[in-house]
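Taking it in order: structure first as structure tokens, then the write-up.
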Amino acid sequence: MKQKKYYFIFFKLMFVFAIFFWIFNRIEMKDLGQRLGHVAFVPFAAAVFFFIIGRFLAAARWNILLRFHNIRAGYFNIVRIVFTSQFLGVLVPAGVGVDAARFYQIQKQEKNFTASMGSILADRM
């Protein structure tokens with residue numbers, strides 16, 4: 001069973017590297033350097049900082065809702081689910097892609113349909 005898990009992780013990493021390889025082959029590095037030279041560092045760093053803090057706060061809020069439904073998934077596990085679902089939400093064109101990814105991840109662990117869905121709906125509101 002562990003060997004199967006390692007193969008799955010390996011294939012996920014290979015997929016990510018293949019995507020990065022494809023992206024970097026399509027980018028003119030000279031043009032990228034010029035464009036990045038025009039980016040103001042402080043506003044960019046502030047935006048990244050607030051985005052990351054927002055994800056941690058969303059995880060804390062969702063953790064409170066899950067605890068209300070007696071689901072103890074662990075804060076850092078929820079942070080991982082939030083970041084993963086945020087990434088997958090970019091790939092899925094529907095407006096509920098983030099919620100579907102969160103539901104799938106927490107449902108896979110907890111097997112409590114109503115509590116999982118209720119916490120996501122309450123978090124959405």
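Residue numbers start at 1 and run along the sequence shown. Heavy-atom basis, side chains included; hydrogens, waters and symmetry copies ignored.
Residues passing the side-chain hydrogen bond (donor to acceptor under 3.5 Å, both in side chains) test with Arg35, sequence neighbours excluded: Asp31. Partners of Phe83 according to the ring-ring contact (aromatic ring centres under 6.0 Å, His included) rule, which considers only residues two or more places apart in sequence or in another chain, are Phe56. With sequence neighbours excluded, the residues forming a side-chain contact (heavy atoms from CB on, under 4.5 Å) with Phe44 are Val39, Val48, listed by chain and number.
Listed by first then second residue, pairs satisfying salt bridge (Lys or Arg N to Asp or Glu O under 4.0 Å) with a partner in residues 41-52 number zero, not counting sequence neighbours. Residue pairs meeting the salt bridge (Lys or Arg N to Asp or Glu O under 4.0 Å) criterion with at least one member in residues 38-55, sequence neighbours excluded, do not occur. Every pair tested for ring pair (Phe, Tyr, Trp, His ring centres under 6.0 Å) that includes a residue from residues 18-42 fails, sequence neighbours excluded, so the list is empty.
Taken from CD1 in Ile78 to CZ in Arg67, the straight-line distance is 7.5 Å, to the nearest 0.5 Å. Taken from CG in Asn63 to CZ in Phe76, the straight-line distance is 10.5 Å, to the nearest 0.5 Å.
Val82 and Phe68 fall into different hydrophobic clusters, where Ile, Leu, Val, Met, Phe, Trp and Tyr are joined by side-chain heavy atoms under 4.5 Å apart, directly or via other members. Cluster annotation: Phe49 is not connected to Val42 through the hydrophobic network of ILVMFWY side chains, with a link wherever side-chain heavy atoms come within less than 4.5 Å. Residues Ile52 and Val79 are members of one and the same hydrophobic cluster, defined by side-chain heavy-atom contacts under 4.5 angstrom among Ile, Leu, Val, Met, Phe, Trp and Tyr.
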